[in-house]
Asks: 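Below is the structure I would like to discuss, written out as structure tokens.
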Amino acid sequence: MSGEDANLFNYAIVLLGSAVIAAPLFKRIGLGTVLGYLAAGIVIGPITGIIADGEKILHFAELGVVLLLFIIGLELKPSRLWRMRRDILGMGSLQVIVTGLIFMAMAHYFAGQSLSTSIVIGFSLALSSTAFALQILDERGDLNRSYGQKTFSILLFQDIAIIPLFALIAFLAPRSDDSSGFSFEGVSIAVLAIVFLVVAGKYLLNTLFQIIASTGAKEAMIAAALFVVLAAGALMEFAGLSMAMGAFLSGVLLSESSYRHELEADIEPFRGILLGLFFMAVGLSLDLTVLLDNLMIILIAVPTILIVKFIVLYHVCRGFGAHPNESIRVSSLLPQSGEFGFVLFTAAVSASLLSQATASILISIVTITMALTPFVNKLAPYFMTAASTEGMEEDFKDAGSDVLLIGFSRFGQIASQMFLTGGTDVTILDHSAERIRNARKFGFRIYFGDGRRRDVLKAAGIERAKIVAICTNDRETTDKIVELIRSTYPKAKLFVRSYDRAHTLALRAEGVDYELRETFESGIEFGRKTLESLGLSEQNSHDIAKEVRHRDEERLALQEAEGIAAGLDKILTKPVKPEPLVKPKTDNIEGKST
């Protein structure tokens, strides 16, 4: 193995080992995997010097962002993208223009940069980090929520804005005798590349995957998926656009394909690894020397960028009708400058618009704003009001029924069908605007509100309800609602959806009237049907299910009294064989049962 190959092998071991340690650790302490990867990169790079080629790794790891945009494109059908056009073109463009002009003025009047250089600096800093924001949304499962879609719309416009910004750098660059500045030829190539990608996606890609799928070669399907993403990205990069934009377009074109889920499953492992590597590479590329030599400039610039972008984003969102809490969520996800700033600053140095020293300072500033994003995002709840964030008005007209059901996700929807079929009147309370809109189409009496608020519970008719059914998804939310109702309405009868065994014990300690683990009965029924399919009689399967329930309840009672470790002897360790029901024998002499 040559020296260079050995270095690459050692780098891979160090990077993977650092990721294995840092990501779970930071996830465990509540800071998220993004910050974990970033911290790992800083430790093995600038601090210890184990890896010195941070910029080379960063260039390769940008493929993680490319794959991320492809997967997002798979989730966005063209019709859905069209519905988002107002947020993309309105909110996105307004944020970039306003923020860019503010930063341009600051660079020109306070930092003494020329007007051309200030324009490049201002609009480069106006762009946010697609990788950081979308990873945080992905971890929380919030990409499809209203604020997640607004965040994505702004990021999508920023990715599109890369195109005119590159053209702007070429236009502003000092012209030599053989330089032509802005090129209509370049614009034509970009347009032709997009048209070619759209046509190929519509007429060729499905056929390609159909042929490969018919062969049954799984590895070829994975190779084809990676080829499509990287080829689309390379085509866009050749045309002067970003690889991420090419990957996103190819994803959108395949969003209605019957192979969409297969492609997503094939790409996801590569996306996760490379995106983690990208965040580590950002930490690796941080130049501590530049940071220390220009500490005062950086200490002023970093909070300025975060605060200005937060304020602008908040007012842009509010201007487009977003709820205040929703606006805060978006603003706390996008206050940083992003990875495309690295590319734009490098291009500006090549075009003689920026000195290398200034570019290094700017890259350090961008890196630190990215590193601080998870912390800024965690501060968001402290600025939000108690009202829900989904942007619907709380209206409790005609509320008040025998059953007040809180939480209308899958569990609550099934339970409500039982109530309604049994002729029981139900008032349903949920905080998701989308679920409410869908439920109202089917005639449910459902209201928008947060069950953790005393005034909402009162308005929803808790004082008239005979039973409060708490069917919320999240254990923490459930516990807060139970605690609030127990302290405010101690006589309320509580039926609660439990998350797991430990949660069941905690709810019993709170004195709820009935609880049910969300997967217990479905698991029992699933197992019973499986036994019957294997040849067991229906009566025997019912008896076994009854025995499992009985032993589980016995163990729960012991655990309530003695702790979570008690009752291990109640766990079934051998098959249960109920005695078959037989006709009683009769004594032939006396004619009596024996």
Side-chain angles (χ1 to χ4, degrees), residues 7-8 10-65 68 125 128-136 139 272-306 333 335-343 345-346 356-357 359-379:
N7 278 340
L8 289 174
N10 292 333
Y11 285 176
I13 292 175
V14 171
L15 289 167
L16 290 172
S18 302
V20 166
I21 295 170
L25 177 63
F26 275 70
K27 180 75 172 178
R28 181 78 174 177
I29 61 179
L31 296 177
T33 57
V34 173
L35 200 58
Y37 290 128
L38 195 66
I42 293 172
V43 170
I44 63 179
I47 294 178
T48 62
I50 296 174
I51 297 179
D53 299 331
E55 291 186 4
K56 291 182 180 178
I57 294 173
L58 181 63
H59 184 68
F60 171 75
E62 284 175 356
L63 290 176
V65 182
L68 175 64
L125 293 176
S128 301
S129 174
T130 300
F132 270 74
L134 292 185
Q135 178 71 1
I136 292 172
E139 284 184 356
I273 292 172
L274 287 172
L275 198 58
L277 182 60
F278 170 81
F279 297 127
M280 294 178 73
V282 171
L284 285 168
S285 62
L286 186 64
D287 192 332
L288 293 182
T289 304
V290 172
L291 193 152
L292 294 173
D293 290 344
N294 301 276
L295 187 60
M296 188 56 65
I297 295 174
I298 293 171
L299 286 176
I300 295 172
V302 168
T304 300
I305 290 171
L306 294 173
L333 275 172
Q336 77 292 118
S337 294
E339 57 274 1
F340 288 122
F342 302 150
V343 182
F345 294 142
T346 302
Q356 185 60 57
S360 297
I361 295 171
L362 290 169
I363 289 171
S364 296
I365 290 170
V366 170
T367 304
I368 294 171
T369 62
M370 292 167 72
L372 291 175
T373 299
F375 294 107
V376 174
N377 190 246
K378 284 192 172 295
L379 293 175

Asks: Can you name the closest pair of heavy atoms from Ile44 and Met280 and give their distance?
Replies: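 Looks like CD1-CE, 4.0 Å.
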Asks: Checking Phe345 against Val366 for the side chain to side chain contact (heavy atoms under 4.5 Å, CB included) test, could you report, in this order, the C-alpha distance in whole Å, the side-chain angles of both residues, the deciding distance, and whether it holds?
Replies: CA-CA 11 Å; Phe345 294 142; Val366 170; 3.9 Å; yes
Asks: Compare every heavy atom of Ala40 with every heavy atom of Ala22, then report the nearest pair and how far apart it is.
Replies: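 Closest pair (atom of Ala22, atom of Ala40, distance): CB-CB, 3.7 Å.
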Asks: Taking all non-hydrogen atoms of both residues, which atom of Ala301 and which atom of Ile365 are closest, and how far apart?
Replies: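 Smallest heavy-atom distance, with atoms named: CB-CD1, 3.6 Å.
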Asks: Tell me every residue that passes side chain to side chain contact (heavy atoms under 4.5 Å, CB included) with Ile21, counting only those two or more places apart in sequence or in another chain.
Replies: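 By the side chain to side chain contact (heavy atoms under 4.5 Å, CB included) rule, Ile21 matches no residue at all.
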Asks: Please name the pair of heavy atoms, one in Val43 and one in Ile47, separated by the smallest distance, quoted to 0.1 Å.
Replies: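 Looking at all heavy atoms of both residues, the closest pair is O-CB, 3.7 Å.
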Asks: Looking only at side-chain N and O atoms, does Gln336 offer a donor or acceptor that is under 3.5 Å from a partner on Thr373?
Replies: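 Per modelled atom types, Thr373 and Gln336 side chains form a pair under 3.5 Å.
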Asks: Please name the residue in the list Val302, Thr304, Ile297 that meets the side-chain contact (heavy atoms from CB on, under 4.5 Å) test with Ile300.
Replies: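 Exactly one candidate clears the test, Thr304.
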Asks: What's the shortest heavy-atom distance between Gly36 and Phe26, and which atoms?
Replies: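 Answer, listing the atom of Gly36 first, then Phe26: CA-CG, 3.4 Å.
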Asks: Keeping the roles fixed (side chain from Ser129, backbone from Met370), state whether a donor-acceptor pair exists under 3.5 Å.
Replies: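 Checking the backbone N and O of Met370 against the side chain of Ser129, no donor-acceptor pair under 3.5 Å is found.
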Asks: Got Ile305 and Ser337 here, is their nearest side-chain heavy-atom distance under 4.5 Å?
Replies: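 SC-SC contact between Ile305 and Ser337 confirmed.
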Asks: What heavy-atom pair brings Thr367 and Ile363 nearest, and what distance separates the two atoms?
Replies: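 Heavy atoms of Thr367 and Ile363 come nearest at OG1-O, 2.8 Å.
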Asks: Please lay out, stage by stage, how Ile298 and Ser364 fare under the test side chain to side chain contact (heavy atoms under 4.5 Å, CB included).
Replies: CA-CA 8 Å; Ile298 293 171; Ser364 296; 4.1 Å; yes
